[in-house]
Trainee: 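Quick one: this structure, given as structure tokens, is what I'll be asking you about.
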Amino acid sequence: MSVRLVTCWLKNSTLTLMQSRIAGARLHATYTHLNSPPLFTSSSPRSSKTSTPSNPITTSMASRDTSNQTAVTTAALTNPDGTLKRPPSAFRNTIEKGGTHEPEKGRYHLYVSYACPWATRALITRRLKGLEDIIGVTVVSPRMDSDGWPFGSTDPFPGAEPDPFHDSKHVRDLYLRSNPEYSSRFTVPVLWDKKTEKVVNNESADIVRILNTAFNDHISPEKAKIDIYPEHLRAEIDALHEWIYPNINNGVYRAGMAGNQQAYEAAVKDVFSALDKLEKTLEGKDYIVGNQLTEVDIRTWVTAVRFDVVYHGHFKCNIRNIRHGYPAINAWMKKLYWTNPAFKESTDFDHIKTHYYYSHPHINPTRIVPSGPHPHIQTL
Ligand SMILES: N[C@@H](CCC(=O)N[C@@H](CS)C(=O)NCC(=O)O)C(=O)O
């Protein structure tokens with residue numbers, strides 16, 4: 001029997017498809033990998049024609065747009081040495097005035113899963129910037145099947161919705177509508193252009209920055225003023241992404257998806273060393289950088305909020321938990337949840353727990369979703 005396992009992992013510039021073969025009780029995985037260059041560093045080359053300081057999404061994204069679309073034809077799980085591998089995101093276009101995708105009210109749509117930390121980055125940013133009337137959202141079922149993320153019409157699950165515009169059964173149908181030749185992973189989030197029927201971008205790190213600035217002329221001055229990647233903090237933000245992404249955001253996946261003991265132990269060590277460092281960074285502070293909410297908070301928070309609930313158990317990141325082991329991280333995480341509706345309203349623990357425990361049968365073959373732990377963040 002051949003089973004395609006898909007998981008929820010990424011880098012700010014990568015995505016993951018796992019395809020593995022289960023023969024009897026044995027699981028054999030084949031892996032491919034493509035490295036993706038880091039995005040949006042302060043020193044990234046930019047096109048002076050299309051890039052402005054306030055819009056860090058560049059034409060270099062567009063020029064990379066199709067380069068990897070057909071490059072990954074088999075799924076990646078781990079390398080021969082047991083470490084996690086992942087291919088890069090394929091659609092890297094932007095929304096900008098004068099570009100292929102112009103900022104327009106009602107033209108764009110986000111397809112997300114509440115379970116996915118990368119999709120949740122986009123949801124939080126949309127809410128934070130007050131883009132609810134500008135960009136629609138559709139939430140898929142958290143239970144991935146052999147065709148990937150199903151819409152609510154295919155897999156009725158509380159909170160899961162049908163595709164409002166097409167007869168899509170799965171998110172993959174959108175990708176194939178956009179590009180029938182597409183042969184890589186069918187990941188969320190997807191930023192969709194209803195006018196051109198194309199995926200604009202499927203990389204959450206890009207989408208967060210697109211939403212940060214592209215629609216500023218369409219929202220209230222108050223919301224337009226919110227800038228989560230401010231010029232004066234960019235170097236610091238970029239430097240934080242350099243260690244938070246590999247060791248925390250992707251670190252938990254490196255631990256959970258490790259193919260052997262050695263790879264697992266190395267990953268877990270990285271996770272907890274980085275959490276120790278983050279704890280020190282957050283002591284006495286409400287935000288990770290400076291005195292204001294930035295994209296680093298958003299990108300780190302989506303992992304932190306899943307930590308005790310799924311990464312501690314399902315991904316075996318169980319040296320400490322956030323609740324008891326990291327008071328400063330815990331306080332920062334809870335404060336954002338309870339004081340900023342963008343965070344709480346983008347979080348659904350039922351979708352989160354169901355997705356992880358259901359969708360990785362190589363880790364949890366019974367697909368039983370554990371009763372605990374209760375998401376402690378819900379208690380003040
Ligand atoms: N590059 C993406 C990666 C997103 C990603 O890996 N999403 C996972 C869910 S958390 C997914 O959709 N996986 C499906 C698959 O691998 O086929 C991003 O950051 O936006």
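Atoms within each ligand, like the ligands themselves, are counted from 1 in listed order.
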Trainee: Should Ser204 be counted as touching ligand 1, given the test is an N or O pair under 3.5 Å?
Mentor: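 Yes, at least one N or O pair falls under 3.5 Å.
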
Trainee: Could you check, using the six-membered ring where one of them is a Trp, whether Phe91 and Tyr182 have ring centers closer than 6.0 angstrom?
Mentor: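 When the ring centroids of Phe91 and Tyr182 are compared, they turn out to be within the sub-6.0 Å range.
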
Trainee: Contact between ligand 1 and Gly148 is defined here as a heavy atom of the residue under 4.0 Å from a ligand atom; is it met?
Mentor: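 Checking ligand 1 against Gly148, which is what was asked, there is no heavy-atom contact under 4.0 Å.
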
Trainee: Sequence neighbours excluded, which residues qualify as side-chain contact (heavy atoms from CB on, under 4.5 Å) partners of Asp348?
Mentor: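 Expected list: Tyr114, Asp350, His351.
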
Trainee: Could you tell me if any non-hydrogen atom of Met144 lies under 4.0 Å from any atom of ligand 1?
Mentor: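 Within the 4.0 Å threshold, so yes.
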
Trainee: Identify, with sequence neighbours excluded, every residue that meets side-chain contact (heavy atoms from CB on, under 4.5 Å) alongside Asp286.
Mentor: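 side-chain contact (heavy atoms from CB on, under 4.5 Å) list for Asp286, sorted by chain: Lys335.
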
Trainee: For Pro189, counting its heavy atoms only, list the atoms of ligand 1 lying under 4.0 Å from any of them.
Mentor: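 Answer for ligand 1: 20 (O).
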
Trainee: ring-ring contact (aromatic ring centres under 6.0 Å, His included) with His166: which of Tyr111, Phe151, Trp192?
Mentor: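 When Tyr111, Phe151, Trp192 are each tested with His166, the ring-ring contact (aromatic ring centres under 6.0 Å, His included) holds only for Trp192.
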
Trainee: Applying a 4.0 Å heavy-atom criterion (strictly less than), which segment of Asn202 is in contact with ligand 1: side chain, backbone, both, or neither?
Mentor: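 Contact part for Asn202 vs ligand 1: backbone (N, CA, C, O).
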
Trainee: Kindly say whether Phe215 contributes a backbone atom to a donor-acceptor pair with the side chain of Lys105 at under 3.5 angstrom?
Mentor: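 No, the answer is negative, given that no donor and acceptor are paired below the 3.5 Å cut-off.
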
Trainee: Please state which part of Ser89 comes within less than 4.0 Å of ligand 1, counting heavy atoms only: side chain, backbone, both or neither.
Mentor: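 Ser89 to ligand 1: side-chain contact only, backbone stays beyond 4.0 Å.
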
Trainee: For the 3.5 Å polar cut-off, considering only N or O atoms, please tell me whether Thr187 and ligand 1 meet it.
Mentor: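 In this structure, Thr187 places no N or O atom under 3.5 Å from an N or O of ligand 1.
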
Trainee: For Cys116 and ligand 1, does the shortest N/O to N/O distance drop below 3.5 Å?
Mentor: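 Such a contact does not occur with ligand 1.
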
Trainee: Using a strict cut-off of less than 4.0 Å between a Lys/Arg side-chain nitrogen and an Asp/Glu carboxylate oxygen, indicate whether Asp308 and Arg323 qualify as a salt bridge.
Mentor: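 No, no charged N to carboxylate O under 4.0 Å.
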
Trainee: Any nitrogen or oxygen of Glu203, side chain or backbone, less than 3.5 Å from one on ligand 1?
Mentor: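 In this structure, Glu203 places an N or O atom under 3.5 Å from an N or O of ligand 1.
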
Trainee: Salt-bridged, Arg127 to Glu132, with N to O below 4.0 Å?
Mentor: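 Yes, charged N to carboxylate O under 4.0 Å.
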
